[in-house]
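Both ligands and their constituent atoms are indexed starting at 1 by order of listing. Worth saying up front: this structure is predicted, and the values here are computed from it rather than measured.
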Amino acid sequence: MIRLNEHFAKLKASYLFADIAKRVNAYVAANPDKPVIRLGIGDVTEPLPPVCIAALHAATDEMAQRATFKGYGPEQGYAFLREAIAQHDFQALGAKIDADEVFVSDGSKCDVANIQEIFAHDVRLAIPDPVYPVYVDTNVMAGRTGVNRDGRYEGILYLESTAANGYVPAPPAEAADLIYLCFPNNPTGAVATRAQLTAWVEYARRHGAIILYDAAYESYIRTPGIPRSIYEIEGARDVAIEFRSYSKLAGFTGLRCAYTVIPKSLKARDAAGQEHAVHALWNRRHTTKFNGVSYPVQKAAAAVYTAEGQRQTRALTDFYLGNAKLIREAMTKLGLACIGGDNAPYIWINTGRDSWEFFDLLLNRAQVVTTPGAGFGKCGEGHVRISAFNSRENVINALARIAAALK
Ligand SMILES: *Cc1c(COP(=O)(O)O)cnc(C)c1O
């Protein structure tokens with residue numbers, strides 16, 4: 001009989017959010033009179049900005065007329081969107097990124113998951129802990145790791161993010177080839193300074209490594225001087241790929257649009273030592289396996305770059321950051337150490353006890369759902385993540401209940 005890809009069997013049996021759902025569903029079934037507030041899963045709650053809705057409607061009308069109908073578009077994205085991205089998201093920051101270095105896609109999760117397939121099987125991986133699970137699991141599926149022992153896969157260099165380093169890992173002493181970084185971070189909400197990112201870019205240049213920079217939460221940065229793009233760092237064009245998404249910026253989690261930047265100066269070598277442009281390889285992969293984001297969705301994404309779109313998306317992220325501020329202040333008042341929430345929609349709480357125990361305590365005594373840090377990696381133990389993606393009313397109620405429960 002046909003055999004399976006056995007690397008999938010190395011994946012940890014249960015998925016974090018399934019575990020959480022199981023506990024929450026059991027609680028709700030046993031306590032139908034106690035409404036639960038979910039500050040767990042990182043999905044947005046507010047509707048799309050009006051500029052995006054208007055663009056979607058207008059593009060839909062274009063699709064209804066023979067003269068303006070669009071079939072397959074360019075796999076890499078329409079020029080109107082790629083040019084707006086290059087200009088507003090990079091050139092405006094002084095970062096030299098051209099429109100043809102941008103690949104539009106239907107999500108950063110897929111991009112960050114798929115990118116590993118263009119690199120060799122035996123590249124040395126460096127992945128943060130705690131972490132967005134996609135980076136680890138896709139490399140496990142691809143067979144780049146050994147088995148999971150005691151919560152860690154053999155063959156991954158874990159970059160520990162703890163209270164001791166302010167949840168921003170410094171480059172390790174060992175050499176790595178493929179490095180995953182995410183700032184502002186999910187789950188911790190930590191941001192990296194220019195000096196910290198510069199150290200990573202210098203490390204990558206020294207080792208001929210590539211940094212995969214996930215900037216899905218870039219639009220939440222408010223502290224002046226914190227880099228929004230890795231390409232603000234000198235020399236990053238030669239060592240970094242950046243992932244951006246409209247999901248958390250403009251509420252596109254259900255509409256789906258994102259992009260990946262691969263500078264043409266980014267090189268990798270083949271087995272014979274010959275250098276190749278990574279851009280060309282990804283272009284080949286993208287055009288073979290992907291057929292472009294729908295025209296109306298790309299029009300909706302482009303609307304984000306209009307003056308009105310900039311105001312509306314800023315108001316949206318300001319709203320979530322307002323929630324984050326309330327959460328952080330309430331936790332601090334309760335004497336809990338936490339980070340995040342200033343430049344990210346997540347607050348990372350150092351609970352001082354087992355993270356599932358603290359999760360259960362908040363569920364049972366306050367009917368508030370959080371995310372146990374242990375689900376994001378070994379270094380997440382002792383922490384919970386609280387998400388600011390909710391209505392103001394739910395956040396205020398949840399915080400009052402938590403305060404009463406922990407008194
Ligand atoms: C939400 C999120 C993304 C964006 O994913 P999409 O597929 O674009 O919705 C990427 N990276 C991280 C860390 C995220 O939390």
Quick one: table the atom pairs, ligand 1 N or O against protein N or O, below 3.5 Å, distance rounded to 0.1 Å.
residue  : atom   : partner : partner atom : Å
ligand 1 : 7 (O)  : Ser108  : N            : 3.2
ligand 1 : 7 (O)  : Lys109  : N            : 3.0
ligand 1 : 7 (O)  : Arg256  : NH2          : 2.7
ligand 1 : 8 (O)  : Ser108  : N            : 2.8
ligand 1 : 8 (O)  : Ser245  : OG           : 2.7
ligand 1 : 8 (O)  : Ser247  : OG           : 3.4
ligand 1 : 9 (O)  : Ser247  : OG           : 2.6
ligand 1 : 9 (O)  : Arg256  : NH1          : 2.9
ligand 1 : 9 (O)  : Arg256  : NH2          : 3.4
ligand 1 : 11 (N) : Asp214  : OD1          : 3.4
ligand 1 : 11 (N) : Asp214  : OD2          : 2.7
ligand 1 : 15 (O) : Asn186  : ND2          : 2.9
ligand 1 : 15 (O) : Tyr217  : OH           : 2.6
ligand 1 : 15 (O) : Lys248  : NZ           : 3.3

Aromatic ring centroids of Phe103 and His279 under 6.0 Å?
yes
For Phe119, check ring-ring contact (aromatic ring centres under 6.0 Å, His included) against everything at least two apart and list the hits.
none
Going by atom types only, do Gln367 and Tyr27 share a side-chain donor-acceptor pair under 3.5 Å?
yes
Side-chain donor-acceptor pair under 3.5 Å between Asp111 and Tyr259, yes or no?
no
Taking the six-membered ring of Trp200 as reference, does the NZ or CZ atom of Arg205 fall below 6.0 Å from its centre and within a 45° cone about the axis?
no
Near-ring test Phe389/Tyr320, centroid separation under 6.0 angstrom:
yes
